[in-house]
Number of protein chains: 2
Amino acid sequence: MLYAGFMSAALPPFPQPQENVGPPELLQLGTGTDADEPCLRADAARNRARLLEAAERLVAEHGAGALTMEAVAAAACVGKGTVFRRFGDRTGLLAALLDHSERKFQAALLSGPPPLGPGAPPVERLRAFGCALLRRSIDELDLLLAGEPSAERRHTFPPRRFLRHHVALLLREAVPDADSELLSHTLMAYLDAALIHHLTQQCGLPAERVRAGWLDLVARVTRTDGPVPAADTPATAPSA
Amino acid sequence: MLYAGFMSAALPPFPQPQENVGPPELLQLGTGTDADEPCLRADAARNRARLLEAAERLVAEHGAGALTMEAVAAAACVGKGTVFRRFGDRTGLLAALLDHSERKFQAALLSGPPPLGPGAPPVERLRAFGCALLRRSIDELDLLLAGEPSAERRHTFPPRRFLRHHVALLLREAVPDADSELLSHTLMAYLDAALIHHLTQQCGLPAERVRAGWLDLVARVTRTDGPVPAADTPATAPSA
DNA sequence: ATCTCAAACGGACCGCGGTCCAGTTTCCTT
DNA sequence: AAGGAAACTGGACCGCGGTCCGTTTGAGAT
């Protein structure tokens, strides 16, 4: 339960759209077990499992874009209301499907081996972070794209918040003089699923170029050495 | 008709979701007149005007987020089908509402006075571009947010394509050695409406800080002088 | 074993975005 | 002026996300 359990706890009566409360910065490694939900009633747990299994199957069959809540409910032999009670909304269900991959990634960041996990210098960790996230995003593009929250919620979505926060921490270390909050948004934006999809699927760019773009971006943003230009200052505008 | 008329032409039978075809890079200044639609039938033009007026009023009254296609149709005394025939979908209608501001902005870029328009050095134009777009985005946040296309379409949306292309051109001039296509996506992402909304409305950052963030970002990305750090190279990782 | 009640269930229900198509209007042709 | 086809219209219709609420069920208390 890395980022405070995100989409797990049982919802009160029903009204609440869930949305985890609690500071996303205060994340801790839970109990160490993979205990998913705190204390779900037996039938609830059973149905949750059924639903996830059914959803996974349907996604594999018809793609995440074609997944409908009703279909999941039907495939799991469960009422529609149950799906919403458990996962809040479509976005929540898709997020739950990504949960496993999400946790693995977070664990790698927090306690994995050095280039990605702690131990390496921050710029290097940034580079590794982007490359790893890029790979993951390409793998899970379907789910990520279909599960993207609405514009208003996008940046408060816990998984994204967590990753962004991580980047901000690294940046703060790597570039102490910068506004690391704002820069972290910029870096995260480059790794946005919709952008990755556009570049690789719609424009046909090879993943390698996108990866190179990340390394270059990190170099520029942290003002470390990249490919490094010629020798003289830029073209037209020295500007002060 | 700056970017090839975008959401104007009459649609064939109906099926097409419209989506302008034609290279967005080949934009030209149309006839110079403000001729909106090429050759709309009299009743169609009348209804189009009615619909836009009604939509504008409803947005002013209840906010863009609460705008429903049915309400617009009703307020304009027109059938629902007509709204969709004219504007394709909700996104199209919102885009039409933004059209005026959009054109003004594009005109300023293409033929306005120097800091923003042609004449100034590219880095300076980039700076001006961001600041101007930032202002505009804050002004029109409601519409921009509500009108944001789905993840798959976001980056092929003509207005955005146009702006991104503009940034790419400036970058190509300012930083010839860089992958200006990829970098332009990064810069545009910083100016994304959803991000602006998050930073200013949800996090409460003052617009001035966001603006400063843009200037800093441009400096880093173009490797021109920004606030400039201490004197020694970054903290931990010189890396090659 | 039973009692009790919060928790969970499920499907009817709602609203909205989007589509369809039979009927109407415009405008071009002759 | 008349005719005809393309363009346009409007509202019934559909599917899906999301909500409501009367009913059922699991599990601690007695």
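Throughout, protein chains are lettered first and strands after them, A, B, ... in sequence-line order, and every chain is numbered starting at 1.
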Would you call [X] and [Y] a salt bridge, using N to O less than 4.0 angstrom?
| X | Y | value |
| --- | --- | --- |
| E53(A) | R57(A) | no |
| R153(A) | D89(A) | yes |
| R211(B) | E208(B) | yes |
| E102(A) | R136(A) | yes |

(request) Return the set of residues passing side-chain hydrogen bond (donor to acceptor under 3.5 Å, both in side chains) with D139(B) (not counting sequence neighbours), or none when no residue passes. (result)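 D139(B) satisfies side-chain hydrogen bond (donor to acceptor under 3.5 Å, both in side chains) with no other residue.
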(message) Under the rule for side-chain hydrogen bond (donor to acceptor under 3.5 Å, both in side chains), what residues qualify as partners of S180(B), not counting sequence neighbours?
(response)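 S180(B) satisfies side-chain hydrogen bond (donor to acceptor under 3.5 Å, both in side chains) with R172(B) once adjacent residues are dropped.
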How close or far is atom [atom2] of [N] from atom [atom1] of [X], stated in whole angstroms?
| X | N | atom1 | atom2 | result |
| --- | --- | --- | --- | --- |
| F84(A) | dC13(C) | CZ | P | 18 Å |
| R48(A) | dA7(C) | CZ | C1' | 16 Å |
| R85(B) | dC8(D) | CZ | P | 6 Å |
| R90(B) | dG15(C) | CZ | P | 17 Å |
| F87(A) | dG18(D) | CZ | C1' | 16 Å |
| E70(B) | dG15(C) | CD | P | 10 Å |
| K80(B) | dG10(D) | NZ | P | 14 Å |
| R50(B) | dC8(D) | CZ | P | 16 Å |

(request) Please work out which residues in residues 60-69 of chain B have a non-hydrogen atom less than 4.0 Å from an atom of DNA chain C and list them by number. (result)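 Of all residues in residues 60-69 of chain B, the ones placing a heavy atom under 4.0 Å from DNA chain C are L67(B), T68(B), M69(B).
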For [N], does either OP1 or OP2 sit under 4.0 Å from a side-chain N or O belonging to [X]?
| X | N | value |
| --- | --- | --- |
| N47(B) | dT9(D) | yes |
| T82(B) | dC8(D) | no |
| R86(B) | dT9(D) | yes |

(request) Sequence neighbours left out, what passes salt bridge (charged side-chain N to carboxylate O under 4.0 Å, His left out) with R209(A)? Give chain and number order. (result)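 Result, salt bridge (charged side-chain N to carboxylate O under 4.0 Å, His left out) vs R209(A): D179(B).
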Sort me out a list of protein N/O and nucleotides 24-30 of chain D N/O pairs below 3.5 Å, or just none if empty.
unit_1: dT25(D); atom_1: O2; unit_2: R41(A); atom_2: NH1; d: 3.3
unit_1: dT25(D); atom_1: O2; unit_2: R41(A); atom_2: NH2; d: 3.3
unit_1: dA27(D); atom_1: OP1; unit_2: A42(A); atom_2: N; d: 3.2

(message) With rounding to the nearest 0.5 angstrom, report the CG to CZ distance, L110(B) to F105(B).
(response)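 Result: 10.5 Å between the selected atoms.
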(message) Run the ring-ring contact (aromatic ring centres under 6.0 Å, His included) test against H155(B) and tell me which residues pass, sequence neighbours left out.
(response)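 H198(A), H185(B).
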